[in-house]
Amino acid sequence: MTSTTPAPRPGSVALITGGTGGFGRALATKLREREVTVVLADLDSERNRQVAADLGCEFAVLDVTDRAANEALVARIEGDHGRLDAAYLNAGISAAKSDDVLDLDEFMRVVDIDLFGVVYGVAAARPAIKRAGGGAIVVTASLAGLSPMAGDPGYSVAKGGAIAFVRSMAPRLAAEGTTISAICPGFADTAIIDRIRDQFTAAGFPVLTAEEVADAMVMAWGQAEPGAAYVIQPGVGTVPYKFKGVPSAKTASGETAVVPEALRPPSMR
């Protein structure tokens with residue numbers, strides 16, 4: 001499948017969840033330069049409202065784990081602006097430091113925000129973007145979703161699940177004119193690495209800038225392949241991840257069985 005989603009253009013309307021964090025701020029700046037109307041959604045705080053005001057963006061209070069709140073926000077955007085062309089489902093957290101092998105409360109908190117926040121966001125944005133004539137949904141996943149981190153199982157499961165969800169939804173959304181894709185940054189210079197930032201500095205390990213990730217997010221609006229996952233790494237740039245196939249079933253006569261069209265993942269289409 002190839003994308004037919006138009007690139008960001010003046011007059012388009014975009015929603016960014018987790019919009020006042022590092023990636024959200026950088027992305028909003030780049031979209032505003034393209035004369036896109038940007039709604040930054042995040043938890044309610046004076047700091048978050050001020051970030052949106054400084055960027056010239058509308059601010060909306062949103063808890064991404066609240067399904068009804070996601071739907072209400074999209075309805076409000078359509079009512080105020082007449083359309084929604086792109087949704088950047090960017091809200092996410094990592095686990096707080098824990099000495100437990102598996103802190104179930106922390107695990108579920110991360111999964112609720114990083115995975116189900118994406119599912120609710122897609123469910124809310126999908127009909128609005130379809131009504132606008134098609135557009136893009138871009139999910140902020142992580143390299144941890146492709147190469148799980150032993151130190152944060154909740155984050156790894158959530159991001160891996162988000163990538164699988166993107167790939168599963170891609171064919172049906174493409175049929176509606178909407179391209180859904182995932183971006184998978186490596187370690188980046190945002191608040192999510194604050195508690196281990198000194199380790200990167202001591203090791204001289206390069207981290208991505210928020211602007212590098214935002215460039216990939218902008219690219220994904222108009223150029224992403226449906227269901228694609230784009231890896232972003234320092235010194236490497238943005239490259240599509242090549243998913244490995246699984247062994248195919250064999251018929252009774254030993255021939256390779258053909259998977260029904262409706263069940264094929266994006267990589268097989």
Side-chain angles (χ1 to χ4, degrees), residues 5-93 113-114 116-140 173 177-181 183 188 190-192 210-211 213-222 224:
T5 302
R9 57 191 179 192
S12 298
V13 178
L15 165 66
I16 307 174
T17 68
T20 63
F23 292 163
R25 294 196 306 273
L27 174 61
T29 298
K30 293 179 183 295
L31 293 181
R32 293 290 292 136
E33 290 170 353
R34 291 163 172 78
E35 299 181 44
V36 173
T37 296
V38 178
V39 178
L40 298 183
D42 218 317
L43 298 176
D44 194 11
S45 73
E46 197 58 43
R47 178 261 180 198
N48 289 350
R49 290 179 179 276
Q50 188 60 54
V51 166
D54 291 344
L55 291 170
C57 298
E58 178 182 335
F59 179 73
V61 176
L62 178 66
D63 173 356
V64 296
T65 68
D66 184 332
R67 179 177 176 180
N70 279 275
E71 294 171 351
L73 174 56
V74 170
R76 188 183 110 191
I77 292 171
E78 274 197 296
D80 290 347
H81 302 286
R83 61 189 301 118
L84 177 64
D85 299 279
Y88 285 92
L89 306 180
N90 172 69
I93 62 169
I113 293 171
D114 293 12
F116 287 102
V118 166
V119 174
Y120 298 152
V122 169
R126 175 189 178 187
I129 294 174
K130 181 181 179 181
R131 284 190 288 270
I137 298 175
V138 182
V139 173
T140 303
L173 290 182
T178 298
T179 298
I180 185 170
S181 61
I183 60 162
T190 66
I192 208 165
E211 288 70 26
V213 177
D215 282 336
M217 298 166 97
V218 173
M219 176 281 297
W221 182 334

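- One distance of note links CG of Asp66 with CD of Glu71; it measures 9.0 Å at 0.5 Å rounding.
- A distance of 7.5 Å separates CZ in Arg76 from NE2 in His81, rounded to the nearest 0.5 Å.
- The minimum heavy-atom distance between Leu89 and Gly121, with the atom names listed, is CD1-C, 3.8 Å.
- For Ala28 against Leu40, the heavy-atom pair with the smallest separation is CB-CD2, 3.9 Å.
- Residues Ile183 and Phe23 are not in side-chain contact: their nearest non-hydrogen atoms beyond the backbone lie 4.5 Å or more apart.
- Using a 4.5 Å heavy-atom cutoff, the side chains of Leu27 and Asn90 are not in contact.
- Once rounded to the nearest 0.5 Å, the distance linking CZ of Arg83 with CD of Glu78 reads 9.5 Å.
- Between the side chain of Asn70 and the backbone N or O of Val64 there is at least one donor-acceptor pair closer than 3.5 Å.
- The main-chain N or O of Ala224 is never found under 3.5 Å from a side-chain atom of Thr179 such that the two would form a donor-acceptor pair.
- For Thr178, the side-chain hydrogen bond (donor to acceptor under 3.5 Å, both in side chains) test picks out no residue, with sequence neighbours left out.
- Looking only at distances, no side-chain donor or acceptor of Asp63 sits under 3.5 Å from a matching main-chain atom of Leu43.
- Rounding to the nearest 0.5 Å places OG1 of Thr29 at 5.0 Å from CG of Leu55.
- Looking at every heavy atom in both residues, Leu15 comes nearest to Ala41 through CD1-CB, 3.9 Å.
- When every heavy atom of Ala210 is checked against every heavy atom of Gly22, the shortest pair comes out as CB-O, 3.6 Å.
- Using a 4.0 Å cut-off between charged side-chain N and carboxylate O, Asp42 and Arg49 make no salt bridge.
- Leu31 is listed as a side-chain neighbour of Ile16, based on a closest heavy-atom distance under 4.5 Å.
- Note that the CD1 atom of Ile77 and the CD atom of Glu58 stand 7.0 Å from one another [nearest 0.5 Å].
- At distances below 3.5 Å, at least one donor-acceptor pair connects side-chain atoms of Tyr88 with backbone N or O atoms of Met217.
- Put simply, CH2 on Trp221 and CZ on Arg34 are 10.0 Å apart, with the number rounded to the nearest 0.5 Å.
- Counting heavy atoms from C-beta outward, Thr20 and Arg47 have side chains that approach closer than 4.5 Å.
- Contact record, Ile129 with Ala136: CD1-O, 3.6 Å, taken as the closest heavy-atom pair.
- Heavy atoms only, all atoms of each residue included: Ile113 and Gly92 are closest at CG2-CA, 4.1 Å.
- Contact of the Asp44 side chain with the Phe59 side chain is registered, since non-hydrogen atoms from C-beta on lie closer than 4.5 Å.
- Under the 4.5 Å side-chain criterion, counting only non-hydrogen atoms from C-beta, Ile180 is in contact with Val122.
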